[in-house]
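Here's the structure we're looking at; comments come further down.
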Amino acid sequence: MTTTPETQQALLAQVERFARDTVAPGAVRWERERRIGREAVREAAELGLTRLEMPASAGGLGMPFSCKVQVTELLGAADFAFTMSLVNTQNVAVKLNREAPPAVAARYVPGLMRGELLGCTALTEPGAGSDFSSIQTTATRVPGGWRIDGGKAWITNAAEADVALLYAQTEPGSGAKGIAGFVIDARRAGFVREPGFALAGQHAIGTGGFRLEGYVATDDEMLQPPGKAFKAALGSINGARTYIAAMSCGMTAECLRVASEYGERRETFGQPLAGHQGWRWRIAEAASELAACRMMVAHSAALIDRGEDAQLAAAQAKLLSTRMAERRIAELAQAMGAEGLRERHPFGRHLIGARVASFVDGSTEMLLERIGAAMRRPA
Ligand SMILES: Cc1cc2nc3c(=O)[nH]c(=O)nc-3n(C[C@H](O)[C@H](O)[C@H](O)COP(=O)(O)OP(=O)(O)OC[C@H]3O[C@@H](n4cnc5c(N)ncnc54)[C@H](O)[C@@H]3O)c2cc1C
């Protein structure tokens, strides 16, 4: 299938309907039941969203990165947590298809694309988050493979994931250069899953952890050898920062839509809320900041589409979009009065979503470090 602006627009129209009819109502239920929206992941798979960036030759839609960004904004507007779970599974399918030996990829990629398997990417550990090079999970050489021991925590989809892309240290004390990347099968001996984390919200992310106790990965399950894995793990980070920024725009846009509509219906002091200048300035501020953040996201996505350096653009887009989301969603919730607290409205859920967005794929402080480093480059 050739990707054209028309096929992209047709897909986006389907995604918009799916977000409105399935994801938004499902989000309330998944949060109450504290679980991943697996039935909706399977439905998303039927739309092709688990193989969005997979090349057409491998059965994917072969969409450009900028299309993924628009999809994540639309889905994020309905539910950040569901979008995180889905996009992480998509990413694992694409990486396995691209980097794993065909026999290894064949074990997981078809199930991931059908939405039957869930994937996760595991860098973070109980003792290592921002400082990825300090991970303590070890990979020790054994005949025919690697014995892996250690624990991972705060991993999207870990509560139920079937397959993990995992990073482990092959030479303790060597930092980034000793880190290697493996594909891990959650159904194999030595994989011990921990219960999903009980959090302030966003349970459809399936955040959790697991331990590897004498788990053996075969030689062909090492996806990146030491010396290559650290860079590979961070290789997709500009894309991740850009789509997290897009999801933050989506959450803000949805709260803006709900508050704006409410402002026309609810009357105080003889006129609609939107008739009061002080009230509608809040709407104007949020709408203006959203427009600016969307431009930053589009700029970063265009750089990635063209294969150009997006480090600075992606970091800046995520920094400002996540900050905007947290501040503006809180203000828009205030504009709703008590009504904004109802479960059927997205304000509370999206506020926690914006909080999570400020940590994943580079916390606000790590983004500032990245931007600060770029500013020090000689002109
Ligand atoms: C819901 C959720 C899903 C996640 N999904 C995944 C996943 O799929 N895979 C994965 O590997 N990880 C995942 N993470 C983990 C995420 O990447 C980490 O939370 C993030 O890297 C920050 O690490 P930390 O939380 O351990 O904070 P820490 O590293 O303990 O830092 C604590 C605070 O101090 C700040 N800080 C740290 N060092 C500095 C410094 N040098 N200067 C200034 N400030 C500093 C940090 O920015 C942070 O605000 C997820 C997290 C959440 C909440």
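We count residues from 1, following the sequence as given. Quantities reported herein were computed from a predicted structural model and do not represent experimental measurements. Each ligand, and each atom within it, is numbered from 1 in the order the structure gives.
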Checking a contact table here: which protein heavy atom is nearest [atom], and how many Å away?
atom	result
atom 6 (C) of ligand 1	Trp154 O, 2.9 Å
atom 25 (O) of ligand 1	Phe359 CD2, 4.9 Å
atom 12 (N) of ligand 1	Thr124 OG1, 2.7 Å
atom 9 (N) of ligand 1	Thr121 O, 2.8 Å
atom 41 (N) of ligand 1	Met366 CE, 4.0 Å
atom 35 (C) of ligand 1	Glu365 OE1, 4.2 Å
atom 8 (O) of ligand 1	Thr156 N, 3.0 Å

Is any heavy atom of the protein nearer than 4.0 Å to [atom]?
atom	value
atom 51 (C) of ligand 1	yes
atom 31 (O) of ligand 1	yes
atom 20 (C) of ligand 1	yes

*Just distances here: any N/O of Leu123 and N/O of ligand 1 closer than 3.5 Å?*
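Yes: some nitrogen or oxygen of Leu123 is under 3.5 Å from one in ligand 1.
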_Shared hydrophobic cluster for Met54 and Leu61 (ILVMFWY, side-chain gaps under 4.5 Å)_ = no
*Remaining members of Met222's ILVMFWY cluster at a side-chain heavy-atom cut-off under 4.5 Å?*
Trp146, Ile148, Leu166, Phe182, Ile184, Phe191, Phe210, Leu212, Tyr215
Do [X] and [Y] have side-chain N/O donor and acceptor atoms under 3.5 Å apart?
X	Y	answer
Ser174	Gln169	yes
Arg370	Gln311	yes
Lys95	Ser236	yes

_Regarding atom 24 (P) of ligand 1: of the candidates Gly362, Gly129, Ala81, which has the closest heavy atom?_
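Result: the heavy atom closest to atom 24 (P) of ligand 1 is in Gly129.
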_From the candidates Pro126, Ser130, Ala122, Gly127, the one that places a heavy atom nearest atom 28 (P) of ligand 1_ = Ser130
*Using a strict cut-off of less than 4.0 Å between a Lys/Arg side-chain nitrogen and an Asp/Glu carboxylate oxygen, indicate whether Glu16 and Arg20 qualify as a salt bridge.*
no
*Would Arg38 and Asp162 pass as an ion pair if we require N to O under 4.0 Å?*
yes
*Should the ring pair Phe82 and Trp30 be called parallel, tilted or perpendicular, given that the plane angle runs from 0 to 90° and is split at 30 and 60?*
parallel
*Assign the ring pair Phe132 / Tyr167 to parallel, tilted or perpendicular, where the plane angle (0 to 90°) is split at 30° and 60°.*
perpendicular
Ligand 1 atoms in contact with [X] (distance to a heavy atom under 4.0 Å):
X	answer
Thr207	1 (C)
Val360	2 (C), 3 (C), 4 (C), 50 (C), 51 (C), 52 (C)
Ser363	46 (C), 47 (O)

List the atom pairs, with distances to 0.1 Å, where a side-chain N or O of residues 104-112 and a protein N or O form a donor-acceptor pair under 3.5 Å, not counting sequence neighbours.
from, atom 1, to, atom 2, distance (Å)
Arg107, NH2, Glu221, OE2, 2.6
Tyr108, OH, Asp185, OD2, 2.9

*asked:* Would Val360 and Ile244 count as a side chain to side chain contact (heavy atoms under 4.5 Å, CB included) here? Give the steps.
replied: CA-CA 8 Å; Val360 292; Ile244 297 286; 3.7 Å; yes
*asked:* With a heavy-atom distance limit of 4.0 Å, tell me whether Ile155 approaches ligand 1 through its side chain, its backbone, both, or neither.
replied: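 The part of Ile155 near ligand 1 is both the backbone and the side chain.
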